[in-house]
Each structure stands twice: as C-alpha cells, then as structure tokens.
Amino acid sequence: MNFDFSDELLQLRDQARRFLTDRCPPAVPRRILDTDEPYAADLWRDIAEMGWTGAAIPEEYGGVGLGRLAICVLAEELGRAVAPVPFSSSVYLATEAILQFGSEQQKQTWLPKLAAGDVIGTFALAERPGSFDPAKLTASVSNGRLTGMKLAVPDGDIADIAIVATRSGLHLVDLNGAGVTREPVATFDPTRSHARISFSAAPVDTLPNADIRRLLDYAAVPMAFEQLGLSQAALDMANAYAKERYAFGRPIGSFQGIKHKIADMYIQVELARSNAYYGAWAVHTDAAELPVAACVARIAACEAGWFVTKENIQTHGGMGFTWQMDCHLYYRRAKLLSLALGGAREWKHRLISELRARNTLLEAA
Amino acid sequence: MNFDFSDELLQLRDQARRFLTDRCPPAVPRRILDTDEPYAADLWRDIAEMGWTGAAIPEEYGGVGLGRLAICVLAEELGRAVAPVPFSSSVYLATEAILQFGSEQQKQTWLPKLAAGDVIGTFALAERPGSFDPAKLTASVSNGRLTGMKLAVPDGDIADIAIVATRSGLHLVDLNGAGVTREPVATFDPTRSHARISFSAAPVDTLPNADIRRLLDYAAVPMAFEQLGLSQAALDMANAYAKERYAFGRPIGSFQGIKHKIADMYIQVELARSNAYYGAWAVHTDAAELPVAACVARIAACEAGWFVTKENIQTHGGMGFTWQMDCHLYYRRAKLLSLALGGAREWKHRLISELRARNTLLEAA
Amino acid sequence: MDFEDTPEEAAFRAEARAFLDANAERRKPGEVEGYRRGQDAPGAMERAKDFQRRKYEAGFVGIHWPVEWGGRGGSPIQHVIYNQEEAKYDVLTGIFGIGIYLAQPTICTWGTQEQRERFVKPAMRADEVWCQLFSEPGGGSDLAALRTRAERDGDDWVINGQKIWNSGAHYSDFGILVARSNPDVAKHEGLTFFILDMKTPGIEIRPIRQVSGSSHFNEVFFDNVRIPDSRRVGPVGAGWKVALTTLMNERHGMRDAPGPDVAELFRLAESIELEDGPAIDDAAVQEKLAEFYTRSQGLKYTKFRGITALSKGQTPGPESSIIKVVAANKLQDILSYGLDMIGMAGPTMGDSMPVAGIFEEALLYSPALRLAGGTDEIMKNIIAERVLGLPQDPRADKGLPFRDIPTGARK
Amino acid sequence: MDFEDTPEEAAFRAEARAFLDANAERRKPGEVEGYRRGQDAPGAMERAKDFQRRKYEAGFVGIHWPVEWGGRGGSPIQHVIYNQEEAKYDVLTGIFGIGIYLAQPTICTWGTQEQRERFVKPAMRADEVWCQLFSEPGGGSDLAALRTRAERDGDDWVINGQKIWNSGAHYSDFGILVARSNPDVAKHEGLTFFILDMKTPGIEIRPIRQVSGSSHFNEVFFDNVRIPDSRRVGPVGAGWKVALTTLMNERHGMRDAPGPDVAELFRLAESIELEDGPAIDDAAVQEKLAEFYTRSQGLKYTKFRGITALSKGQTPGPESSIIKVVAANKLQDILSYGLDMIGMAGPTMGDSMPVAGIFEEALLYSPALRLAGGTDEIMKNIIAERVLGLPQDPRADKGLPFRDIPTGARK
C-alpha cells in the first residue's frame, strides 16, 4: 500500500508551498479584499507560467501532463495561501469539463489557451437559492443559442469562457461575445469575485456527452484539497497563537479549554485529509467509487473548514475578529468554498443515494 | 409573571425529596437491578399512602386533587431517585387516559383504585421497532375482544390493567383476565421491568373519544420532569466527584477539560428545565400550545439526559463504568426514559408538523 | 405557574406603554434587526438623545435605582417590564447604557458625594455620554493584566498606554478608566479607577475595523494624559474592586444574539427548493429546525425563569451566563445551516437574498458574539466556578509582583 | 497513490494467508463481533494457546522484532499485513498481547540477559500468559501517582497495596508490576518495575463487575507479596522510565471501537419503519448516515495513511491517538441514534432485536472505550502536546516529594 503522493508530487508540493509563501503571503488576498481589483492577475500569470494551469492537460493540448493528482497537490497549497486566483473555476471545472466531455476540436481550440492561462474559464450552474437539480434548470439552448440567467458565478466577471449547465447538458460560451451581460455581485468573501450572468441568445458550442454530476464529482476532489489546505493553515495559525499568547501568566495553549479545542481542530483536519486522499485516489484511477469518494471528501472538507476557521477566530479572542488579523481570510474563504459546488447537506443526500445504488461498498466501510 | 411552581408545590417538592432521600437511596434501584424483584413494592405502597398516585385525580374519584403540576414536581423527584416504581406507567399514562377519555363509569371504577395504588396501570402501544404511527397498529378489537401483541410494555409484568392502543382507539384491559399472556423481557435497564403482552380475544372496555397523541403529549411533560430530575442528579454527582477526586496534585474539576464539560452539562440541564416548565404550564392550563410544549420539553429532556448521564460516567473515569458506582443507574434510566413514548427523533418530526399547523406560534419563538 | 403580570406589574406596564406610544414609533412586525444597524444613520444620535431626555423626565431611567441616586426606587422587575415594552419600539438607547448602567452605579457605590452630584443626572438625561476604557491589547480575557500606567504627579495622575474594544470614544464626553498605579504589587492590587474627560489633550482614538467591515470599536491611546486626583474613584490601589462593580453590572444582562433565529430559518426553508421539493418538507431540515427551535425555546423560558426570580425579589445570579454562550453558538449554527441550504447562491450579500441577506451578514459579525463581554471559555469558567462551585484554574501569576508575571515574547 | 501491496508485501501476505488457511477458520462474512464475545467460551483458552504455538512455530509471532529477541527480523508493515489477514479468521490472540507486545519488549529493552532468556520465548509460544499491574484506584489518568509499596527486605522486595483494571490475573502466569520504592522523592522518581510470579502467596484477585454486567477486569491486592530482586527490571527508582516503554507499545495500536458501525446502522434503517416509510428513505436518517459514513471512512483512510508510513519505514507517531477518540465517540453517537430509531422497542436486549441487539449491548460497554487506555481528555492532551507541541498543563505536583502531593480527602 502506498496511500500517499509520490515523491515527485511531494516535491511539487514543497515547490508550490515555497513559491506561494513568497508570492502569495496574506497581503495578496488582502489587496484584493481592500481594493476593486477582482483577482491577483500577476499571481495568475506566474502560476500559468509554472505550468500549474496546464498540470492535468496532456502535452498534446499544450499542458504538462502531470495528471489530476498534481492538481490536488497544487489545490492544497493554493488553499493554504488563500490565493485570490480563478484556479478552481478555470482548472477543476472549465478545463476538466472540456477534457472529459469536449470534442477533439473543442480540446484543440481551448485546452492550450487554458493551459497557458491566457483564457480563464468558469462554470455557471446555479439559478436559484437551494440545491442543484439538473431537471429544474431553466436556462436553455435552442438553435445553438443560450437564454437564461446564472447567479453568483465564481470569477464570472473575469472569466473569458464559461461552461454553462442547462437541462440539455453543458455548453461552452464566450463570455466576451454577443448576448452576454455580466454584473458583479458582492459576496462575503471579496477575495474571490463573482458575477451574475444573463444570456440572451448567446451563441454556444455544446460539449458532447456531458454529465454535470460527474463534473461536480471530479471538481469536488481538488476543491476538498483546497479546503484542506485552508483548514490546515487556520489550524497552524491557532496553534502558533496559543503558544505565544499569554494570559494569567501562562500561554493560553496550556489551558485545556484552548488546548483540547486545538486538538479537536487537528482531528477534523486529519479526517478531512484522509478522506481527501481517498478522493484523490479515486480521480487518479477513475475508480467506480469516485462518486462516493467525492462525497466523503467534500463532506469532511466542509465540516473541517467551518469548524477550524471559526475556532481559529475564537482562539485569537477579541483580536480574532479584527480586520487586521488574518483569521477572517480563512473564515470567509472556507465558507465560500463550502458553498461552491453546493453545500455539505446536498452532498450528504447524494452520498446516501450513491451508497444505496452500490451495496457492496458498504461492506468496505 | 410567575414562571415557577407555587410555594405549596415547592413545599411538596421538598417533602418528596426528603422522603425519597430517606426511602429510595441508590440501594433501592440496585436491589431491583440485582434481584428478580420486578419493582420496589414497599416504596410503591408508601408512595400511594402519601397520595402521590392520586395527586392529579379529583377528590370525587378518591384522589387528592392537586392537579398535574403536582405530578410534575413529584416526577422530578422520582427521576432524581431513579425510583424503581411504575409511577409513569400508572400515573402519567393509565390514570391520565382514564381521566381524559374515560366514561363516568370507568372513572368511578378505576380512578379510586389507581389513586390508592391498589391497581397498577400501564399503557401498551408499540408493536414493532420504529416510530409510532396509529394507522399502522395491527392489534384490533372486534366485538369487544382484543387480539394482538404489544412489545416491551413498561411494567407490563406487574400492572393490573393496561390501556391498549389500537387503530380504533384506546381500550382498558384487565391484565389478570382471560386472553392475556405476559412474558417478561430483558432490557438494558433492569430497574424497571418490561413485558411482551399477547392478547387473544381478551375482553376490553373501550375508552370513548380517546386520542392517542393527546395522551402522549400529556404524558411527555411529567416524563420530561422525571428525565430532568435524573439529569440533575447525574450533574450533581459529576460535580461533587470533580471536586473531591484529585489527579496530578489537584482536583480534576480544576482542569478545564472536566470543568467546561460540567458547565456544558449544566447548560443542557438548565435548557431542559426551562422547556419542562413550559410544558408544565401548558398541561396545567390545558393550553392550545400543549402539543408544541410537550415536544420541546421532550426533545430537550432526551438530549440533556443522554449527554449528562454519559458524561457523568466520563467524569468518573475508570470507576465510572464499574457496577459498584451509581453512574450507570442514571445512564440506563436516562436512555430508557428517552425511548419510552418514542425517541427524540420522532418528537422532532412531530414538533415541526405542529408548528407548521400553527404559524402564529413561530412569532413567539 | 403563569405568564401574567401581577396587578401592580400590569399597571406599570400600561404606564410604560403609554409613555412609549406618545414618544416613539412601534417597530414593524417581523422586522429583523441586524447587528447594530441604525446606530450610524444620520441624525440617529440627536434623536436618541432627545428620546432619552423624555424617558428621563417620565421617570423611566434608573427605574430600579434608589431615590438617593436619582432613581425611581422601583423594582428590578419594573426595569425588565419597561425594557420588554421599549424593545417593541424603534428607539436607540443602547449607546447610553455604559454611562447609565455601568459608570453611574460604580460612581454611586465608590465615588464621592461631589462626583455623584456632578455626573449621575447628566448621564441619565443623556446630556453627557460615557464610554469604557478597561480592555487592553495584551490583556484579553485576563482583564486585570492591564499595563496602562497611572503615575502621580502633584494633584494629577499622568496616564500613558493603550486601551482597546472601546465603544463610542469619539462621541463620548467621559470615560471610565482603570490603570496601573503600582506594578510592584500583585496584579489585582496595583490598579486605580478614574473618570476621564474625553476632551483632555493627549488622547488619540483610532477605529478598529472588524471582520464585518464596520467599526464599532476603537483603540484609544494615551500620551501623558492628565487626570486630576479629584476624578479618582475609590482608593488608590483599589481599582480592581471598583472595576468589579462595573463588571458585575455588565454581566448582569441576559444577552441574546441578534440575527437570524429559528423563525428566519423557517422562512428560508419555506422559500427555497431542495432535491425533493420545498426545504421545509425535507425531514433533515425539519430535524434541524426542531433542534434549533427547542434551543431557542429553552433560552426564552430560561429568561422567563430569571424574570420570575426578579419578580420575587431574588437576585438572578451568574445563571444568566448560559444565555450568552448558548445564543451566540446557536446563531453560528443557524447561519451556517441556513447558508448551506441556500447552497451555491449562499455567498451573495444583500437584500436580494432570501430573508434579506441576514444569514450572510451574520456570518461576518457572529464570531464577535462568542468573544465580546467574555469568551465562551470565560463564561464556562464563570458557570463552573460561581454556579457550580468548581475550583479555579491554577494561577501561574498568583502572588507575583505584576512586573514579574510571565508574558511570553510579548512586550 | 494506490492500495496495492509491493511484490514483497504480496508474497508475505500470501505466506500469511497460507498459514492461516491451514490453521484456522475464516469468519463468516458480515458477522458482527460484539465486545470481547468469545473469550469466555468453554475451551477457548486451550484453542487459543494451541493456535498461538503454531503461529510461533510458523514465525508469525514477533514478526518485526529483531532476531536477537527471538523475532523474525521483519518489518512493521509485515506485522500489519499479518494482522490484517488474521483479523479475517476466527482466532483469539488478544489475550497473549500483554505478554508478547508489552512485557517482552520492556524486558528486552531494560532487563538482564537472564530475564530475556527465561521469559521471552515462553511468552511467544503462549506457554506462559502475562498480565499488567500498573493502574491503581486512586490514580486514574495520573498513572504515576501509584501508591503500591515495594520495600526492600534482604534479597527480596515486599509488595503491599492494590492494583485495578487488570485483565487476566486469574489465568496469567506472570505480571508486570510497577510499585513505589521511595515515597520521599518526586512522583516519577520513586518507582521500580518488577516481574511478578502470579502464584506467589499473598495475591488476592477480585473481579470488577462492569456496567455491562460482565467482568473483564480485576482488582488485585498484595499482602506482603515477596519478589526476589532478580525479578526487578531496570534500576531501582527507574520504574517510570521502564513503564514508559510498556506504555509506548500499548498506545501504539490504532484501536477501533468494536460494535455497531455505519453498516449496521444502514441495516437497521433498512429494516424498520418510521412515520413516512422505511427509515432508510427518511432524509434526516440519511443525513446522519452520511455523517457517520464520512467519519468512518476518515478513520479507515487515516489508518491507511499510518500503514503507508510504516510501509515507507517511518514510525507512526501519536497521530494514531485520534483513532481511539473518534472511534469511541462515534460508537456512542451511532448506538444512541440507532436506539432512537428503534424507538419504544429500543430497550429490549437480545438477538430478537434488529441487527442482533448490538445497539443495546453497545450502550452498556461503550462508555469504557472512552476511558480505558487513556481517557478522551488524556488523548487530547497527548495530541495537543506531542503532535502539536502545545505546552503542558501547569503541574501542581511538580518537584514535590510524592508523600506531600495534595490528594484531597482521599487516603
């Protein structure tokens, strides 16, 4: 058994961590938070140059062909750095959709540009509050033209293309083209921009044989790693603070009220890490268990992200809810990522449907 | 506002506490646990002599007419003492059913005997694992004869009469009469005996206008007080132990891991107490809010009972799971009472149905 | 067991209601009040002061204070009744709370007759607004570890240092301040309590931006700020005992957490669709709603029990600490579950969101409610020690002169 | 990233499986093992000893021990692989664990050559069974606070006192014992470690009845029990360091909680009816199942990560502490929820209940799993201190001679 990343990928992880420690300290997401700048375009260019945006794209389409495990490794580091870049939208979603469901021509047209980071992609799904149900989507395509509205599309204001979900499948739309109106929307995490997008007879290029749920499953795994990195960073922050901050003549981490809380945070992070690894194995091997693995990776990541980032604030006491401390960067982003792709509630519902459809898996529990 | 018991009832509570401290120390439930004796018959006789069994029965039927609040007060003390007597079955259920739904003749026949404790009543409802649904009961009455089987009837082996639920309502059955077969069943709390009862054309005396749900609501409130008393006793036990037991040179209650746990136990007990009081007000005034009040009293009592009794064991460390310490008396009984009348899950389901049926209550939340 | 007023209470409630009807507007039913919305609206302070003056003239300020303090000499339950009624009206009185309910009782208890005469009435009438200067950046839950220095210089004290978590320094006339007058004695023994005129030279006020983006608190810096000794409250070195009078009054309140509660979660569940239909029909949503409802009702009736104790003339104790802990955590649980139900659209802020966006708003301010006025951990210590009689934590700073207490790397 | 054996691991697994097929019977699929069921069956001990001897002859005892200790000189991952395979067979080997995995490594590390030659092989072959005599009634989590006295008398030590939480004293040949040889020095410094022949006069064994009604543990009393000095392990006064070797080995294991897990809750939910149909169709039940399943999978893959570390030659650290804490609490949550689903019929014990009554059975033994082998609180301290580097709790007993450490009213 080797239930860990290969030495090459662990090296990639260390490289990514060093790079982001240097180029994406908390000041970078803070800059996006405090200004009108929608994302860190400079960081994005650097990331693309290092080949991260093309990590999972085969070399024949301009990528570096490292496979999806590399994306998981990078996602964890981007999460840790609270990086204000459209990596999840462009890589886990738009690129993945074209890789999995695109025609040869679509791949040749778009993958090299996505790999190079010259084109930013996103995924437009939600139309209303509540859970996702493909049968209830109202955006529709007729005669190659899309009409409808999509709410709170992540990176929707900066993306060049969107993969848009309708009841008939997935469609590639040029967001700078005709029939597209975008309106930025405020969210509780301004370090990642969002837009409402209206389509009025916008021309589309439909992806053949698309499967929205499958796309969500594939995206949920790197997203879980991004959530994991974020959670680990918040845990590390709480742990460091508990050692250096004194109250009543001793470090606050020597009080079991704080000490056991941090142990609980660690437990949540470890369980989320183990489930994320299971997800990585499943996307890597294209396993039949992927839907189940994606669900558990997602559920554990959402649970850990919320608990750890809110208790990191609590550990910091009054300072924790000031703008000046970084606690809130993790807290905002953790909740944002736990709602992107649908909340844990929705994935729990899905998990049980999947388990009931495959009785044997249960034996392995 | 006087959201508390009257001075008379507080006096009754003090009397009951003194009496039970004297007559029902932990050795009494232990005697039932360790022997074949099904209940503490001597304690039952004393309780009846003091008028507790007739507390809510009007004087015209041989009771003392103190009303249902008196039952709540007594229930709390019986819970605190883990009293091994059929008080809940006979008083909250059988007596209440006859009081509420009985004909004048049924009242005259049975209430004086129940008040005197000469007859022990019980309530037979469940026929299968799972939640209660009156429409799915299979026991049935035709031509005044009952046929069917009831699982795990509390005090079913010692009761003289049972109020038996069928799809057509509630029926009074003489358990010592024809067509009744009883078989004691083992439960995880041997301090209260249970029996499976089979009815084969057993003669019944049907209660007119019976309403099973209403009976459960009325019974849930004193049951919540019994659970509350039990929880309070377990909290008090943990608190006392945390002060006297030393580890690492200081009382274990000075470690926040234990100290905050006990504070959490207190919080649960206080919330359960407040909700139980609301229930008491509702049964006392026969308020329209009773179904809602019964649900919240029940849910909070079940939650507190489980948390407090299991964490009392935890607080006691290894000694906590020995037979010799009293922790398990509370732990067993708390789980027993949280399953009698149906578990919290079932009452949560019901609460929401009730709230949706009466939108105005929500405003007051 | 009833929820009814006694005849005397009913009469007082009618009197309060008559005053309020004549002087304020009722809130719209179902209106959800966000966290401290309204305080920053233009003209809000003037309207608030005007109402407060009328409230004072009508005898509803200091209802339960002794007449000798300028109060009505009424009962604590009358105070509660007035506040229950006032809560139904659209008035802003919280900003005067520090002056009236914290500063003046402390001055009346520990101050001189001159101080009492000078300060109490203007605070009650809102002619003078007060703020509190206790917490420090290095102190946190360990309030008595404060380092702001007070050095005697002739008839004055000279203050140097820094305070934090101050509300309203920028609009306040006076502040209550605790400073360290002697670092060579034990932590609690070297403090002195002062009344500070906020117009004194050397005071700098900097707003603290919170996670929510707004600034309800300030840091306040003192650079050789002079306070005449006549503005000292209580003996030199008795500042901790004096401050405890203030803190007891502060912790007295049974504080709820403003924001989305179970009613709002219900409305949300009624308005959105999940996999199998309306969220409100989903058994999992229902189970959560039932749990939250039970907790909310538990808090509501815990408050009623506290009011009953007041009504019987008893003093409610630290039992009310549970309300803050439970309410603040419940708020975080509710908003998180609500956002989860909203799903992918959940991050969007603003009134266009279901239930007016209060779930999203609460995400950003709710962490403060578990910290301000005593962290969850401190509140549990209070419950454990003062209600349940459990032993104190071991004290690493016990008996040490303040300057020798370990503080880690922090200066 | 894969779940596959390396070729070497696969070969070893095949070897283990061949041995097991030839010497034991496979468990039936889906069989739920209750807590320590089977140990008390008639003839169980003889069958267990017989299997253990064959296991020893085949070289599967002490797989990862050095050859000089009598082991195979294999790798820790081979030990794990053998145990994974053995778990699929109906054999009882746990009762030899104290002798093999706790006593002998301690003796090999600290003992004399004579002790090693005398004791190791008979323990491996199950010719001699061992038990542990560490815990005391007054000690609890504070293991080093033990009071059993060891007084030197000529060539012997004389033992007086009382131990608790002993497994198997009644069928054991030897015990490992820690006793206080000097109460005048600090707590950890006055202990000495011994090998005790359980047939020595003066030993009294009393079973402790647990909440479940069964007795898996004993109290053991010593009344002038004599141990020759040749049976001392390590130096006089070094008993705590010696015991730490034992304890490290004890905490090494990644212990799961036996009893109903998510698969059993699934089966329960499929078998019973709630308000609106089968429990498994209820969204609230599904949400709980999903949460438990996610936790179970998290544990499973945490174990896989630990095995991977072993396979890479790394030593798994105290990270595995999380498994015990999570598993024991999950068991309590699952059984409570399961009983709640069963509802009014839930209290009934026995095989007639859904899923063979294991929910009811687990109610009674599950509290022990949060306590035995380190309470939740101790495990969290271990995680906080050893994994996360957080500071220790303040020590009230630091530097005090043992006899002066406060113990409250307790004698």
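Proteins come first, then strands; the chains are lettered A, B, ... in the order of their sequence lines, and each starts at number 1. Predicted, not measured: the structure shown is a model, and the values here were computed from it. What you see below is based on every heavy atom in this structure, not just the backbone, and it leaves out hydrogens, waters and symmetry mates.
Each of C/Asp5, C/Ile280, C/Ile77 has some count of heavy-atom pairs under 4.5 Å with chain B, and the biggest count is that of C/Ile280. The candidate from B/Leu69, B/Ile258, B/Asp264, B/Leu9 with the greatest count of non-hydrogen atom pairs under 4.5 Å with chain C is B/Asp264.
Looking at C/Asn381, the atoms closer than 4.5 Å to chain B (heavy atoms on both sides) sit in the backbone and in the side chain alike. Contacts between C/Ile81 and chain B at a heavy-atom distance below 4.5 Å are absent for every atom of the residue. For a residue to count as touching a neighbouring chain, one of its non-hydrogen atoms must lie under 4.5 Å from one of that chain's; by this rule C/Glu9 touches chain B with the side chain only. Using a 4.5 Å cut-off between heavy atoms, C/Lys288 does not touch chain B at all. With a 4.5 Å cut-off on non-hydrogen atoms, B/Ala293 does not touch chain C at all.
When every heavy atom of B/Trp281 is checked against every heavy atom of C/Met1, the shortest pair comes out as CD1-O, 3.5 Å. In this structure, C/Gly298 and B/Ser274 approach most closely via the heavy-atom pair O-CB, 3.4 Å. Across C/Glu377 and B/His260, no two heavy atoms sit closer than the pair O-NE2, 3.5 Å.
One finds the CD atom of B/Glu303 at 8.0 Å from the OG1 atom of C/Thr294 (value rounded to the nearest 0.5 Å). The distance from the CD1 atom of C/Ile307 to the CG atom of B/Asn2 is 12.5 Å, given to the nearest 0.5 Å. Once rounded to the nearest 0.5 Å, the distance linking CZ of B/Phe5 with OG1 of C/Thr308 reads 12.0 Å. Atom CG of C/Leu390 and atom CD of B/Gln256 lie 11.5 Å apart (nearest 0.5 Å). Separating the CD1 atom in C/Ile322 from the CD1 atom in B/Ile267 is a distance of 6.0 Å, to the nearest 0.5 Å.
Under the rule for a side-chain contact (heavy atoms from CB on, under 4.5 Å), the partners of C/Gln392 that lie at least two apart in sequence or sit in another chain are C/Glu385, C/Arg395. The salt bridge (charged side-chain N to carboxylate O under 4.0 Å, His left out) check on B/Arg80 picks up B/Glu76, B/Glu77, B/Asp236, with sequence neighbours excluded.
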The test is side-chain contact (heavy atoms from CB on, under 4.5 Å); show your working for B/Asp4 and C/Arg305 and say whether it passes. CA-CA 7 Å; B/Asp4 196 356; C/Arg305 285 171 53 215; over 6 Å; no
- Task: Please assess C/Thr302 against B/Arg273 for the test side-chain contact (heavy atoms from CB on, under 4.5 Å), listing each intermediate value before the final yes or no.
- Result: CA-CA 8 Å; C/Thr302 299; B/Arg273 179 175 296 283; over 6 Å; no
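C/Arg295 places no side-chain N or O within donor-acceptor distance of the main-chain N or O of B/Ala300, the cut-off being under 3.5 Å.
C/Asp393 is listed as a side-chain neighbour of B/Lys259, based on a closest heavy-atom distance under 4.5 Å.
Taking the ring centroids of B/Tyr278 and C/Tyr301, they lie under the 6.0 Å cut-off.
Within 6.0 Å of the NZ atom in C/Lys398, the count of heavy atoms belonging to other residues, nucleotides or ligands does not exceed 12.
Evaluation of the salt bridge (charged side-chain N to carboxylate O under 4.0 Å, His left out) test over residues 275-285 of chain B, restricted to residues two or more places apart or in two chains, returns none.
Contacts of residues 336-352 of chain B with chain C at a heavy-atom distance below 4.5 Å involve B/Arg345, B/Lys348, B/His349, B/Leu351, B/Ile352, listed in sequence order.
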